[in-house]
Every structure is written in C-alpha cells, then in structure tokens.
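Step one of this worksheet: look at the structure below.
Model, not experiment: these values are computed from the prediction.
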Amino acid sequence: MSTDYAYWEAEHGRLVEALKSGPRWHRETSGPAALQGLLRPRPTPPVDESRRLPSYYLDPARRIVDYVPPPELTDLQDWCERDEAATVRLVHGPGGSGKTRLAIELGELLAAEPDTDWLVGHVVNRPTGDLTALSAALRDADTSVLVCVDYAEDWAYELPKLLAKLPSARRRRVRVLLLARTVGAWWRTLTGHPDVGHLVDDQPTELAGGPTALSAQDMLVQAYRNFHTVVFSRQPSTVPPVLESVTMDPDDILGLHAAALSVVLHEQEHRRPPASIDSRGALDAVLGHERRWWGRWLRAHSATLEPENVSFGDLVDRLLAVPALFLAGDVRQAERALKESFEPVDIDDSMVTQLATVLPEVYPTTVSYRYYEPLRPDRLGEAVVLSIATAVASAEQMTDVACRSLAATATIQQALHALLVLARASGLSSPTVDAPTPAQARTLLCIRSLLVKYPETFLPAACVVVAGMAQPTAMVQIILAGIGSTPRPAARLAAEHLPVAQDSLAPLEVALWQRYLESFDDTMGTPDLAYGNDCLGWAHERAGDADAALAASRLAAEHYAQAVAAGHHHLLGSLAHARATWAERANEAGLTEESLNQITRAIDSYEELYGSGDEHYLRSLFWAEAFRIRLKTTKPTMQDLDKLLEHRRLLYKELGDFTTSNAPNTLIEKTLDKLNVSSLDLKSPSTEPLLSGVESILVPVGHSVGPLFTPRGTSEGMADSYEIRFADGIFSIDHEELRVWTYTHGDPETLAEDPPRRDRVYREVSEMEPEKIDSIIDRLIAVGLLAEVALIPEKMQDFAYKHQIEPLALGLGNSPEAPWYFQIGLPATPRVMVGHDAYHLWMFAHRHASLWDAVEYVVADRRKEAVLRSGPETDPHRVLENFIRAMPVLISTSCAYLDRVR
C-alpha cells in the first residue's frame with residue numbers, strides 16, 4: 001500500500017515516545033492528572049475561560065459528568081488483569097453510547113490499583129503505513145500497556161501488523177481494546193486471521209441495551225448538575241422541571257449529556273431554563289450554542305462585517321466546517337483553509353489571521369503535529385455537516401460551504417479525516433442500509449463531487465475509508481460512478497491504497513487498474529504498463545476471474561520483456577516473476593505447454609540473476625525448477641534432479657535444517673523422499689500445514705551446576721540437593737527430580753528416532769511408576785525447569801516468547817566441502833552440525849529479549865529481500881519450528897541451554 005510515511009511517523013511518534021519515556025499512570029496520581037498518561041493526551045483548557053465553547057464540555061476526555069460505571073467496566077478490568085486472557089477485545093455500540101469514556105475510566109481503574117504500573121494509550125486517528133515503530137515501542141516498554149483504538153473499523157486491515165508482534169513483544173501484559181460503531185466483515189476478517197486470530201476474543205461486547213445503575217431521568221439530572229457546576233462555578237439550587245418531563249434513551253449517553261448541557265447553556269444565555277427539550281435534537285441544540293458563540297466573536301472582532309454574497313449564518317457554517325472537517329498542521333495551513341472557505345466573502349487578511357490564532361485556543365491541540373483539535377465529540381462534527389446540508393439548497397452549494405477549505409490544501413490524510421466525518425454523517429458507515437434523509441442525500445452527493453473534483457487526494461482516501469465499512473456497497477458505487485474521468489496517477493494511487501486482503505473490494509481494484517491502463521498515451525513508459533497489468537492480474541485473481549488474470553499476466557510479461565530489451569535491466573527480476581506467475585495461471589487453465597514454456601524462461605532469468613550475485617533469487621529459482629519438474633509428463637532426468645538437489649542443498653542454510661553428525665545423504669532417492677517434490681503444493685506453499693501431525697517434546701530449562709553437599713550430608717554420601725542455574729538465580733532439586741530432568745535431555749545418537757517425550761522418560765527411569773514420573777514432570781514444569789512444547793505454531797510461539805537460548809560451546813564455522821553447514825563444539829571436536837538459521841540463532845538469540853524476538857528479527861531482515869512466493873524462510877513459525885527441532889541436540893550435547901526470559 002502506498003502511504004505518506006511522514007504523516008504516519010508524526011502520528012505515532014508521540015506514542016513511541018510515550019511508551020519509552022512518557023508519563024505513566026501511577027497510584028499516587030488522581031483526577032485530571034491521571035489522564036496525562038493517555039497516549040492521546042487529555043485536552044488542556046483554553047487559554048481564557050470565556051472561550052470555552054459548548055463542545056469543550058461534551059468532550060468525554062474531560063470527564064466533567066460523574067461516571068456511572070456499566071457492568072462492562074468490571075468485566076474489562078478483569079480482562080486486563082488476567083494473564084491468560086485474550087490480547088484483544090472489541091466494544092461496539094452506536095455513536096455516543098459511551099465507548100470512549102468507558103476506555104478512559106478503565107485506564108483510571110488500572111491506575112488506581114496498588115503495586116501496578118499501567119501505561120494506557122488512546123489512539124484516535126486512523127493510521128496509514130507500517131506499524132513497525134509502534135510495535136517496537138511496545139516490545140521495549142517495561143510496563144503493562146493498554147492500547148485503546150477508537151474507530152477500529154477504520155484500522156481493520158492495518159491492525160494485524162501491530163497484533164502480530166504483541167504476544168512476543170512483552171514480558172508484561174499487553175491489552176488492545178478496540179472501540180467501534182459497527183461489527184461487520186472487518187471483525188470477521190480479524191478474528192479469522194491466520195496469524196493473529198488466536199489473540200482475539202471473538203465475542204464482542206455491545207455497549208447498549210443492557211441494564212444500567214441509573215434511569216435515563218437520573219442520568220439527565222446528574223449531568224445537568226455537573227455541567228451547571230462547571231459553567232456557573234456553583235451547584236444548582238434546584239433542578240428545572242423540564243428535565244423531569246423529557247423522555248430520553250438511556251443508551252444514548254451523548255444525547256443525554258447534550259440535552260443536559262443545552263439546558264445549562266440556555267440558562268446562561270437567557271437566565272432561565274428552556275420550556276422544552278427536543279430529545280432527538282439535543283446535539284443540534286448544543287451546536288446552535290456553538291454557532292452563536294462564533295457569531296458573537298465574529299461581530300465583536302469586525303464591526304463592519306456585513307457579508308453581501310452570503311448570510312451571516314452561512315459565514316458561521318463556513319467557519320465551523322474548518323475544525324469539523326479539516327485538520328491543519330500549522331498556522332499557515334489554517335490560514336489558507338480559512339481563506340479558501342471564506343473566498344466568496346469579502347473578509348480582510350487581518351480577520352483571517354485572528355481566526356487562525358483563536359482556533360487553537362478554543363480547540364486546543366494535544367499533539368505537536370496538529371494545529372488544533374477537530375470538533376469533539378465526533379458526532380458534533382457530523383452534526384455540523386448535516387446542519388449545513390439541511391440549510392443549503394443543493395449538493396454543489398454544500399460542497400462550496402462545507403468543503404472549500406479542503407480543495408487546494410488537503411493532503412490524502414486530511415482528506416481521509418474529512419471523508420470519515422462525511423461518511424458517518426451520511427449514514428454510509430452504518431451497519432444497516434436505510435433510505436437517506438434529504439440532508440444525508442446531499443452529503444452523499446458532496447462526497448461524489450469531492451471524488452470527481454479532487455481525485456488525487458480524495459480518491460485514495462475513499463479507498464481507505466471503504467475498507468473499514470461494514471456495508472461498503474454504497475461507497476463502492478459512489479467511487480465507481482466517478483472513476484471514468486479519474487486521471488491516471490490518481491487511479492493508480494487509489495488502487496494502491498486498497499487493502500489486498502479484502503477480496504470483496506477486488507472488483508473496485510480491477511476498475512481502478514483498468515482506468516489506470518486505459519488512460520495511457522504514447523508518452524507513457526513500458527515499465528508502467530507492465531506494472532499496471534501485473535497489478536491488474538492479481539486484482540482479477542482476487543475477483544475470481546482466472547481468464548482475465550491470465551490475460552493480464554501475458555501482457556505484464558510482454559511489457560517487462562520490452563522494458564528489459566530497451567535497457568531497463570533492473571526489471572529482469574520483475575520479468576522473471578511475471579513469467580512465473582503467467583506459468584502458474586496457464587497451468588491452472590490447463591495450458592501445460594504454455595506454462596512449461598514460461599516457467600523455463602523464468603528459470604533462465606532467475607539463473608542469470610542468481611549467477612550475477614543476487615542470492616535472494618535462489619528460493620524463487622528452486623520453486624520454479626520444482627514447478628517445471630511437476631509440469632513435465634515424463635520422468636525427471638538426472639540433470640533436472642541434480643540441479644534441483646544442488647539448489648535444495650544451498651537452501652538448507654536458509655531453511656535452518658540441521659543434522660547431528662554428517663551432512664545429509666546426497667543420494668537422489670533419499671533426498672527426493674525428504675523433498676517430496678511430487679506432493680508439493682506449488683500453487684500456494686505458504687498455506688501448507690506446518691506439520692503432518694501434532695506432537696509434543698520435553699525441553700529441559702536451566703543449566704546444571706552440579707551437586708550441593710553440606711557438612712552434615714546424608715549418610716549414603718548423596719548430595720543434599722542438585723543445583724540448576726535458572727533465570728536470575730539457582731534452583732535446587734532432589735535426586736529423583738534430577739533423574740527425570742536429566743533424561744529429558746535425550747540421547748544425541750537417537751534423538752531423531754526417539755525425541756525427548758514422556759514415553760522416553762518412562763523407559764529410561766523404569767524403576768519409577770509412570771504416574772510418579774508424570775507427577776515429577778508436572779512439578780518441574782510448574783516451577784519452570786521443564787517445558788512441554790506442542791509443535792503447533794501458537795504453542796511454539798508462546799514457548800519462544802517465554803524462553804531464551806544461551807550458547808555454551810564454541811562456534812567452529814563451516815567448511816569448503818559443506819559451506820551450508822556450521823559446526824559447534826570444542827576445537828577439533830565438533831559435537832553438532834546445524835544449518836545457517838540454527839547457527840545464527842545459537843550465536844545471537846541471547847542478545848534479544850526472547851527467542852521469539854530473535855526469530856522475528858531474522859525474519860524481518862529476510863523479508864527485506866524480494867522473493868516470488870512466501871515460504872519457510874520468511875515464515876517466523878517455520879523458522880522457529882526448525883530451530884526447536886534442532887534445540888534438543890544442542891542441549892543434549894551441551895552446546896546450549898534453555899533459560900527463562902528474565
């Protein structure tokens with residue numbers, strides 16, 4: 001996905017710094033000070049209390065209204081504190097149901113616990129780009145962390161990048177609380193994700209419809225008292241009768257607060273409470289007070305301000321649209337946005353400068369990269385949009401009033417924020433499909449107008465927005481309706497912003513790449529045509545159109561060939577990949593000869609690349625050779641097999657295979673059995689099961705440092721205890737425990753046939769009953785001196801996260817005869833021979849926080865290399881499995897010992 005990394009780094013730089021060194025919640029902090037630990041910092045008051053707008057009081061982060069904890073709060077606190085709990089939970093509910101406040105109060109509870117050190121982050125802006133920086137910060141933090149994610153549906157296809165690292169990133173608890181308005185396809189995709197689905201509690205919590213401690217009437221009165229106290233600096237003497245007659249929805253927390261605040265603001269303006277409250281329009285009433293505040297400010301600062309072309313109310317709408325939709329990065333950008341918004345009105349530059357100065361005072365920012373905060377709560381920004389849509393006569397007029405500020409100044413990320421607000425206001429983000437109101441219909445037309453007028457920024461942003469929608473059909477139709485006039489660069493940029501993991505959007509991806517290719521003229525370069533057709537082929541494949549995917553593959557390979565012939569030699573790898581993809585798709589279509597021809601030509605290119613020193617093409621070359629052998633209808637020749645086996649041997653250094661004595665037998669029959677070319681799933685090797693069956697092995701933890709005798713030892717001359725070096729200290733075990741612990745090391749000569757399992761210990765310690773052996777094993781596991789590892793990915797990952805490998809013997813390097821194997825032992829006395837990955841982990845894994853961190857480091861480095869298909873050497877679970885299979889022989893030969901993470 002093409003992204004603006006500068007924006008991403010700015011957005012998450014504060015989170016990185018906060019996790020490393022920023023303020024944390026401690027028990028001694030309380031009240032407002034406790035919120036300083038939020039990674040979205042708590043808003044600070046405006047400079048002047050007279051400039052506290054109505055939106056100031058409704059922001060849930062200010063915690064003005066006394067909180068009535070729902071039952072979900074206790075449940076979430078328990079979730080945070082249980083070590084065995086899932087890492088990720090989802091709380092969902094309509095806008096204004098109290099999700100953000102719930103997350104804030106959860107942080108307060110965690111901070112109030114004795115002897116705890118929780119860091120709570122509240123990330124509210126949808127990220128773009130790679131989450132590596134955030135993941136690294138979480139890994140390095142030495143405290144328990146709760147990351148709260150607002151509008152998680154907008155993060156849907158970025159979250160796995162973060163979550164994939166969390167289990168191994170921490171020695172203490174990490175919890176991710178997702179807050180969303182909808183539960184749809186994005187949630188099902190996350191819970192079913194092959195890498196992170198097991199971290200997610202697949203039972204979301206709905207924050208609506210449950211029992212509450214107070215009635216709606218009681219909550220309304222309580223909110224009124226709290227707002228009155230803050231606005232008037234005193235408690236109210238009585239409660240207005242109007243509060244006792246209105247009927248409100250107890251699940252609409254924001255609506256209740258808005259209704260109470262509207263009464264207080266009416267009292268402030270008119271010195272009396274209102275005669276009635278519109279329960280359905282309470283937020284609009286608050287917005288009316290916000291508009292009147294700005295109207296008074298405009299009149300006070302420009303006595304001659306009498307707009308000729310627009311009404312005064314229209315002028316205020318143009319002003320409010322800026323903080324509602326446009327997030328300026330600095331004062332100059334704010335001034336440009338205001339000038340654009342006020343262009344039809346004759347307002348001098350000094351007035352614009354004053355407005356740009358006051359915006360950060362009334363909407364004070366909490367981060368350095370943003371000049372002012374958007375309108376909060378978020379539904380207030382949506383109310384601004386619908387208010388403007390109701391007042392204008394057409395969608396064109398609405399675009400002019402609400403979105404002028406976005407026209408010439410917005411980046412893709414700023415357009416993304418605006419589209420998210422517009423989409424929620426229009427009902428596009430709703431999980432249900434209802435007929436739009438007239439105001440929503442104008443908002444929809446406004447979105448379409450923005451996509452057509454400013455496709456370079458708004459079309460890529462729209463592709464990001466649509467990926468998080470529970471019901472994306474309507475937004476897809478809006479995008480497709482205007483795609484015919486989209487410029488070529490905008491179409492490509494938009495397609496690159498679509499998440500490839502979401503097959504439901506593949507038809508839109510196809511349309512964008514087709515538009516990109518249709519708009520080519522004679523000045524366009526062949527490499528761009530090749531790239532476009534390559535991407536179009538993958539889009540067609542995701543859309544299920546195999547014939548179109550094959551046709552696009554042919555065109556991509558032809559254009560890459562022309563580009564290489566024209567001197568673009570750096571595209572030879574792309575040409576080889578395109579031919580290999582063509583071969584695969586032709587084979588699926590039953591075109592064996594065409595497939596064989598293309599895979600042969602791909603092999604020629606891979607061999608040229610590999611021969612010139614590009615070693616990362618070795619795996620692609622091996623895959624292509626194996627694919628060609630499978631395609632042939634005749635028996636493979638000795639020459640075919642020799643070449644394949646030679647490349648297989650070279651790949652051992654990448655695959656982390658090992659042997660306890662000599663290099664593997666190079667007889668063709670034996671190696672073919674190990675390679676099992678005939679059963680390779682060459683179409684998608686990354687989806688093959690990691691193991692043919694599930695098994696467990698016993699792994700001893702700790703390093704024996706011998707017996708301990710005391711002056712008053714036993715009469716039999718036996719040691720009082722036996723010492724095991726373990727983590728940061730010494731652990732003592734008795735004679736029986738030592739026998740069991742020792743036999744879990746295994747025999748180096750027979751490890752391959754008789755791995756260290758419980759049944760092996762039964763045979764070796766035959767004088768004990770199996771029940772007693774089991775009891776000792778369970779006891780040693782309980783204290784951490786043994787680990788029983790089930791060889792399935794999630795169990796191995798959990799094991800690696802908790803343990804570390806420590807080298808003991810000497811590294812003896814490799815040899816010219818077997819450069820892909822490395823020996824470990826003593827000078828002139830090698831004890832074990834392992835592959836490259838195992839040797840690398842043996843040397844350097846102890847320098848990382850855990851074995852899993854070391855594996856991730858190796859894989860991350862490996863993934864920087866370009867390869868045709870994902871395979872074992874870039875899959876952390878496969879790298880880990882290879883090392884765990886090598887680990888017993890390293891331990892049994894005293895070349896290494898296993899330790900707990902300190």
Side-chain angles (χ1 to χ4, degrees), residues 43-59 265 286-376 378 380-385 387-388 391-392 397-411 414-415 417-418 421:
T44 54
V47 175
D48 187 343
E49 283 193 14
S50 65
R51 293 183 174 178
R52 289 187 178 180
L53 275 69
S55 57
Y56 170 91
Y57 302 105
L58 283 180
D59 190 339
L265 296 175
V286 173
L287 179 59
H289 289 282
E290 190 106 356
R291 296 176 79 254
R292 286 192 289 278
W293 190 97
W294 277 113
R296 290 192 296 271
W297 189 95
L298 287 171
R299 291 189 185 278
H301 290 77
S302 180
T304 61
L305 184 63
E306 292 295 339
E308 298 179 0
N309 302 328
V310 297
S311 67
F312 198 85
D314 180 75
L315 187 65
V316 175
D317 285 338
R318 290 174 182 274
L319 171 58
L320 270 176
V322 175
L325 294 172
F326 184 76
L327 298 182
D330 53 41
V331 63
R332 292 187 181 89
Q333 200 173 41
E335 289 178 351
R336 287 198 303 269
L338 289 165
K339 286 180 180 179
E340 285 290 338
S341 188
F342 291 142
E343 184 176 345
V345 186
D346 185 18
I347 296 183
D348 58 41
D349 290 346
S350 63
M351 171 65 79
V352 171
T353 301
Q354 289 184 69
L355 281 170
T357 302
V358 80
L359 277 175
E361 295 181 5
V362 296
Y363 304 121
T365 185
T366 58
V367 288
S368 59
Y369 58 86
R370 204 155 56 204
Y371 186 57
Y372 51 79
E373 286 293 295
L375 280 179
R376 300 199 190 280
D378 298 317
L380 195 62
E382 299 162 27
V384 169
V385 171
S387 174
I388 295 173
V392 299
Q397 187 180 356
M398 180 185 174
T399 304
D400 177 69
V401 174
C403 302
R404 263 191 99 84
S405 62
L406 300 166
T409 56
T411 64
Q414 289 166 335
H417 170 77
V421 176

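Looking at every heavy atom in both residues, Val352 comes nearest to Lys339 through CG1-CG, 3.9 Å. Nearest heavy-atom pair, Ser387 versus Leu287, reported as atom, atom and distance to 0.1 Å: CB-CD2, 3.9 Å. The minimum heavy-atom distance linking Gln414 with Thr411 is given by the pair OE1-N, 3.0 Å.
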Just do the side-chain contact (heavy atoms from CB on, under 4.5 Å) check on Leu355 and Phe342 with the steps written out, would you? CA-CA 11 Å; Leu355 281 170; Phe342 291 142; 3.4 Å; yes
Let me see the working for Gln333 and Arg336 under side-chain contact (heavy atoms from CB on, under 4.5 Å), right down to the final yes or no. CA-CA 5 Å; Gln333 200 173 41; Arg336 287 198 303 269; 3.7 Å; yes
Go through the steps to decide whether Arg376 and Leu380 satisfy the test side-chain contact (heavy atoms from CB on, under 4.5 Å), and finish with yes or no. CA-CA 6 Å; Arg376 300 199 190 280; Leu380 195 62; over 6 Å; no
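Although no hydrogens or angles enter the test, the distance criterion places a donor-acceptor pair under 3.5 Å between the side chain of Glu290 and the main chain of Ser55. Side-chain atoms of Glu382 never come within 3.5 Å of backbone atoms of Val421 as a donor-acceptor pair (strictly under, hydrogens ignored). Between the Tyr371 side chain and the Ala356 main chain, a donor and an acceptor come within less than 3.5 Å of each other. Looking at Glu340, its side chain never comes within 3.5 Å of a backbone N or O of Ala337 through a donor-acceptor pair. A side-chain donor-acceptor contact under 3.5 Å links Ser341 to the backbone of Arg318. Under a 3.5 Å cut-off, the side chain of Thr357 and the backbone N or O of Thr353 do form a donor-acceptor pair.
One distance of note links CG of Leu338 with CG of Asp349; it measures 11.5 Å at 0.5 Å rounding. In this structure, Leu325 CG and Leu375 CG are separated by 9.0 Å, a value rounded to the nearest 0.5 Å. The CG atom of Leu265 sits 10.0 Å away from atom CG of Leu53, with the distance rounded to the nearest 0.5 Å.
Tested against Val362 for a side chain to side chain contact (heavy atoms under 4.5 Å, CB included), the candidates Tyr372, Trp297, Trp294 yield a single pass: Trp294. For the side chain to side chain contact (heavy atoms under 4.5 Å, CB included) with Pro54, the lone residue among His289, Arg292, Arg291 that qualifies is His289.
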